[in-house]
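Per chain, numbering begins at 1; letters A, B, ... match sequence-line order.
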Number of protein chains: 2
Amino acid sequence: MSASPESLQPLDVSLSPQERFEEYLQTRGLRQTSQRKFLIDRVFSEHDHFDADELIDRLPRRGEDNYVSPATVYRTLREFVDAGLLNSFQLDGRTVFELDYGYPQHDHLYCTRCRKLLEFQSETLMQIRDDVAADLGFRVASHRMIIQGVCRECSKNRRKKRKHDLV
Amino acid sequence: MSASPESLQPLDVSLSPQERFEEYLQTRGLRQTSQRKFLIDRVFSEHDHFDADELIDRLPRRGEDNYVSPATVYRTLREFVDAGLLNSFQLDGRTVFELDYGYPQHDHLYCTRCRKLLEFQSETLMQIRDDVAADLGFRVASHRMIIQGVCRECSKNRRKKRKHDLV
DNA sequence: GTACCTGCAAATTCTTTGCAGTGGG
DNA sequence: CCCACTGCAAAGAATTTGCAGGTAC
């Protein structure tokens, strides 16, 4: 019913994210630019959750090769979401992105101590979702569930001194 | 398992929200001010979801009786959440508040067409939540589930002209 | 060549904060 | 009377937008 984060494996997909995005651009008369190519490579080479700021921080600085301006990063992240490559959701007031294309549907546990996001999958959850929606005559497009609390590691280290005292 | 919004009835609580808040203030050495009294009355007289902006819009304007400045509204809403009177969550990038004290735990369906929030309750959902958390050694504090889609009314009116074309 | 794209800076939106004056207990 | 509270305006944080010049196609 539920799965540990390690078991969240990529799905088989016929097109790479890059190819999928090319297709998306072409069908809309948009262009393949060096910035878009660079960003899609970057984003799909790391499999973690991130927000716009974190991504920008890890990108080349102004003046360096492959610099992409913040405005373009924001614009491009939005396109990735439109294209179905990324998912985004709000957490703690920030917009968190995660890989969507090539990854199975899942939900999250959020540790309010270390701010880590764990993932889980549950068939039963989908079933409840659909039952509730059917009851109310609601047509489901998607859902988002986040369980908040404290992860195993943070529970263990409760009384120890922590390097990163985030909350 | 699930319930229509109409069936979400207030719980029996020994103290009124006002009394509960007084208690909260007293135990912390904080003060009962006219602004706080006015706001708690206002907020608990309407049982709907709202954000800070919407609330401010419905409040008396500068110069009128019972005017409360935006800064104070923001400060006070935060106190209400701390006091357990209100809940808040992020939706579409805005912070939505809802009554918590005196209301049962529930989750939401969000119509992306008319932006209405419906509520539902599910024991099974709580069970899944706890099972998943137990599996991962995660200590649950709370959770938030939002099902997104299109409500019954908006589905019916799909092709008709709508007065408020919000999306 | 055309129109889409990018970088830059300025504008927006939402929310928080510093400060001086007010008022609750 | 003290110190929390409020209103005001300014500051912040996160994102979006207008515009002039660059560049896919």
Exercise. What distance do B:Ser155 atom OG and B:Arg113 atom CZ have between them, rounded to the nearest 0.5 Å?
Worked result: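 One gets 6.5 Å once the value is rounded to the nearest 0.5 Å.
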Exercise. Nearest of D:dC8, C:dG25, D:dC25 to any side-chain atom of A:Gln32?
Worked result: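 It is D:dC25.
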For this session: Consider the side chain of B:Leu30, meaning its heavy atoms from C-beta on, and name the nucleotide among C:dT6, D:dC8, D:dA4 that approaches it most closely.
Result: D:dA4
Problem set entry | B:Glu98 vs B:Tyr103, side-chain contact (heavy atoms from CB on, under 4.5 Å): CA-CA, chis, key distance, verdict | CA-CA 10 Å; B:Glu98 66 173 4; B:Tyr103 287 81; over 6 Å; no
For this session: Could you run through nucleotides 10-21 of chain C and give me one letter per nucleotide, 5' to 3': B if any protein heavy atom sits under 4.0 Å from the base, S if only the sugar-phosphate is that close, - if neither?
Result: ----SBBBB---
Exercise. Ignoring hydrogens and angles, does a donor from either the side chain of B:Arg31 or the base of D:dC5 sit under 3.5 Å from an acceptor on the other?
Worked result: no
For this session: Report the residue (A:Tyr67 or A:Gly29) whose heavy-atom-nearest nucleotide on DNA chain C is the more 5′ of the two.
Result: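 It is A:Gly29, whose closest nucleotide lies nearer the 5' terminus.
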For this session: Measure the shortest side-chain to side-chain distance between A:Tyr110 and A:Asp92 over non-hydrogen atoms and say whether it is less than 4.5 angstrom.
Result: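 Side-chain contact under 4.5 Å: yes.
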Mind calculating the distance between [atom1] ([X]) and [atom2] ([N]) to the nearest angstrom?
| X | N | atom1 | atom2 | result |
| --- | --- | --- | --- | --- |
| A:Gln35 | C:dC5 | CD | C1' | 8 Å |
| A:Leu39 | C:dG7 | CG | P | 9 Å |
| B:Arg62 | D:dC8 | CZ | C1' | 8 Å |
| B:Tyr24 | D:dC5 | OH | C1' | 14 Å |
| B:Leu59 | D:dT6 | CG | P | 13 Å |
| B:Ile56 | D:dC8 | CD1 | C1' | 14 Å |
| A:Leu55 | D:dA14 | CG | C1' | 15 Å |
| B:Phe80 | D:dC5 | CZ | C1' | 14 Å |

Should [X] be listed as having a side-chain N or O under 4.0 Å from OP1 or OP2 of [N]?
| X | N | value |
| --- | --- | --- |
| A:Thr72 | C:dC5 | no |
| B:Thr33 | C:dG23 | no |
| A:Gln26 | D:dC25 | no |

Is the backbone of [Y] close enough, under 3.5 Å, to the side chain of [X] for a donor and an acceptor to pair up by distance?
| X | Y | value |
| --- | --- | --- |
| B:Thr112 | B:Gly149 | yes |
| B:Asp107 | B:Met145 | yes |
| B:Asp51 | B:Asp53 | yes |
| A:Tyr24 | A:Asp82 | no |

For this session: Would you list the pairs meeting side chain to side chain donor-acceptor pair (under 3.5 Å) in which at least one residue belongs to residues 31-43 of chain A, sequence neighbours left out?
Result: A:Gln18-A:Asp41, A:Arg36-A:Glu79
Seminar exercise, completed: Bend of the helix from C:dG1-D:dC25 to C:dG25-D:dC1 from end-axis comparison, five pairs per end, nearest 10°, comes to 30°
Exercise. Would you find more than 12 non-hydrogen atoms of other residues, nucleotides or ligands less than 6.0 Å from A:Arg94 atom CZ?
Worked result: yes
Exercise. Of the options B:Lys116, B:His49, B:Arg144, which is the one that meets B:His108 in a side-chain hydrogen bond (donor to acceptor under 3.5 Å, both in side chains)?
Worked result: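 With B:His108 as partner, side-chain hydrogen bond (donor to acceptor under 3.5 Å, both in side chains) holds for just one option, B:His49.
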